[in-house]
Amino acid sequence: MTVHLKPIPYVEDWAEPSPRFLRKGLPPAPALPLDRIFAPQWAKWISDAAEAKSAPPDYVMAGLLATAGAAIGNTRWVSPWAGWSEPPILWTMLIGAPSSNKSPGLDAVLSSLKELERDMRKGAEADLAEWSERAEVAKIAQSAWKEATKAALKAGDDLPSKPDEADPGQERHLPCLSVTDSTVERLGVILANQPRGTLMARDELAGWLMGMTRYAGGGSDRPFWLEAYGGRGYRVERMGREPLYIDRLSVGVTGSIQPDRLRSLLMKSDDDGLLARFLPIWPDPVPIMRPRSAPDDAFIHRALGRLHDLQLMTDEHDQQRPWVLPFDEGAKDRLDTFRHNVRDWENGAEGLMLSYIGKLPGLTARIALILAHLDWVAMACDQPHEIDAETFSRAADLVELYALPMARRAYADASVSRLERAAMRLVEIIREHAWQRFTSRDVLRLDRAGLGTAAEVNPVLHVLEENNLLRSVEMQKNPRGGRPSRAYLVNPAVLSG
């Protein structure tokens, strides 16, 4: 049996292929503009802590921003103008190979937070023990009062007054500055008793993110976490107990993930905006070297303590709420310029990157609020009462010069449509097998994800033809006719690029 093909076109017959399907490797990691963004005391501490942990300073910075934001929590919010307010809640995702020292870099901050929590619990434990004693007495007094009331009712006597001892007062709770793993129901209890919010610190984020849909019958934790980023009110249903209503559901998140797990997650995750809320951090590894100086542990402990000393305000209705810091006019002007930049960045963006870019104005306002308070605890200045242009400009620089290119690096596999991702996957297969000519059946035999059926493969072949990476040719099995089939010739630039 012979196969007849049209002659293979010469190289010069091919048009230039679309470069977006030929992308190789990761976009480069941006440099962290540490001295440009942070007060000198913080820039030095981050550098020293990273060196001591043999980790990139990016990881320490990511842990600091999320931890400081959760420490401020609902005590301080920011409002660029009326009708728009943001909590200081950040979610940071540390991306890297197992040897990149993600966990040690994060631990530079979390170890101080755990030490602070131990100190705070020592004082609270005595208060809790005292309340527990009063509660036991209250149970007895309550029981005796009920019996006396029953007897008075039966005898027709005056009802006894409820004794003061029957009321133990507001229940005491131990502070919980961070959690590593918790059910939504348990977190609801913590947040109902700790209205400032808390921090979720996970050594591995992938399991947590994938576990949000672990319930039988289609239940999901995702709605809870979508609200936990925004500080909105939320009702937590509890099995066999009264539901809890949380006025401002605010939970910071920080943790690590390996690149392969992230890619898998990007392919499987629903496009509900959850991943777009993360600030992804994926620096290059640092050289192995002996530390030249030790970080100032007292500095970070004192700083986190001052942030946790901040309190919610009580309004005229005896309700607790955040102090809201406004933007001054200079910061508003700078924000207007930044929002125009965001609109430009949205042009041509798709999928996860488009969702991420759309959240940048709010993210930048949050970072500005955190930077203002980090300045305050580092430089012994007055508490911030507004966000000025200089502070917002530093936040905007961090986002434009660092966070945005870092997201393009981390979310590269999800920044295009599903069809384009499948097309780039087919280009990788062509290069892997060094195909100069192939058929759709050759692709289907490989049974690769997203390219396992004709319904998946045919649109991919079409888009690659349209973008000058392939050219289809008819082949016929014998000279006497029969139904013609189709092969695809590969632009030589695909294999040489």
Side-chain angles (χ1 to χ4, degrees), residues 16-34 36-37 55-59 61-62 65 91-102 105 205-206 256-267 269 271 275-287 338 341-360 363-364 367 396-432 450 464 467 469 493-494 496-497:
E16 189 71 21
S18 176
R20 73 178 188 273
F21 296 99
L22 300 176
R23 186 177 63 208
K24 280 187 174 182
L26 283 174
L32 175 61
L34 199 58
R36 182 170 180 167
I37 306 303
D58 313 55
Y59 291 153
M61 184 267 307
L65 288 178
W91 291 4
T92 59
M93 177 186 290
L94 285 62
I95 308 165
S99 60
S100 59
N101 283 348
K102 303 183 297 296
L205 286 171
S256 61
I257 192 169
Q258 295 181 28
D260 289 344
R261 298 296 301 275
L262 176 60
R263 291 191 188 98
S264 176
L265 195 63
L266 292 174
M267 296 299 177
S269 178
D271 187 17
L275 281 175
R277 286 162 166 77
F278 278 93
L279 186 65
I281 307 293
W282 192 355
D284 294 324
V286 296
F338 182 79
N341 292 339
V342 169
R343 184 66 57 84
D344 292 339
W345 299 334
E346 286 177 331
N347 292 331
E350 295 187 53
L352 179 56
M353 274 306 301
L354 182 60
S355 181
Y356 177 85
I357 291 171
K359 291 177 173 57
L360 290 182
L363 172 68
T364 309
I367 293 174
D397 284 347
L398 179 63
V399 169
E400 182 171 355
L401 302 176
Y402 181 80
L404 181 58
M406 189 62 84
R408 287 178 174 143
R409 170 179 167 90
Y411 296 152
D413 290 338
S415 61
V416 295
S417 67
R418 187 182 299 272
L419 177 60
E420 289 194 12
R421 284 204 302 273
M424 287 187 282
R425 196 175 301 121
L426 179 53
V427 171
E428 291 176 1
I429 292 171
I430 291 169
R431 287 169 165 167
E432 176 187 340
L464 290 180
N467 287 275
L469 284 83
V494 172
S496 63

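We use all heavy atoms of the structure for the numbers below, so side chains are in, but hydrogens, waters and symmetry mates are not. In this chain, numbering begins with 1 at the start of the sequence shown.
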Taken to the nearest 0.5 Å, the spacing of Arg408 CZ from Met353 CE works out to 5.5 Å

Only counting residues at least two apart or in another chain, list the ones meeting ring-ring contact (aromatic ring centres under 6.0 Å, His included) with Trp282. none

Partner set under side chain to side chain contact (heavy atoms under 4.5 Å, CB included) for Arg36, not counting sequence neighbours: Pro33, Asp397, Leu401

By side chain to side chain contact (heavy atoms under 4.5 Å, CB included), Glu428 pairs with (sequence neighbours left out) none

Sequence-distant partners of Asn101, side chain to side chain contact (heavy atoms under 4.5 Å, CB included), two or more places apart: Ser54, Ala55, Pro104

side-chain contact (heavy atoms from CB on, under 4.5 Å) evaluation trace for Phe338 with Leu360: CA-CA 9 Å; Phe338 182 79; Leu360 290 182; 4.3 Å; yes

With sequence neighbours excluded, tell me which residues meet side-chain hydrogen bond (donor to acceptor under 3.5 Å, both in side chains) with Tyr356. none

From the list Val399, Val342, Leu398, side-chain contact (heavy atoms from CB on, under 4.5 Å) with Thr364 holds only for Val399

Out of curiosity, Leu354 CG to Trp345 CH2, how far, rounded to the nearest 0.5 Å? 14.0 Å

Taking only residues two or more places apart in sequence or in another chain, which ones pass side-chain hydrogen bond (donor to acceptor under 3.5 Å, both in side chains) with Thr92? Thr254

What residues, two or more places apart in sequence or in another chain, satisfy side-chain hydrogen bond (donor to acceptor under 3.5 Å, both in side chains) together with Asp260? Arg263

Heavy-atom nearest pair, Phe21 first then Met424, reads CA-CG, 3.9 Å

Partner set under side chain to side chain contact (heavy atoms under 4.5 Å, CB included) for Val286, not counting sequence neighbours: Pro56

What one should report as the nearest heavy-atom pair of Met406 and Asp58 is CE-OD2, 4.2 Å

Under the 3.5 angstrom rule, does the side chain of Tyr411 hit a backbone N or O of Leu275 as a donor-acceptor pair? yes

Glu346: salt bridge (Lys or Arg N to Asp or Glu O under 4.0 Å) partners, not counting sequence neighbours: Arg343

Across all chains, not counting sequence neighbours, the side-chain hydrogen bond (donor to acceptor under 3.5 Å, both in side chains) partners of Glu16 are none

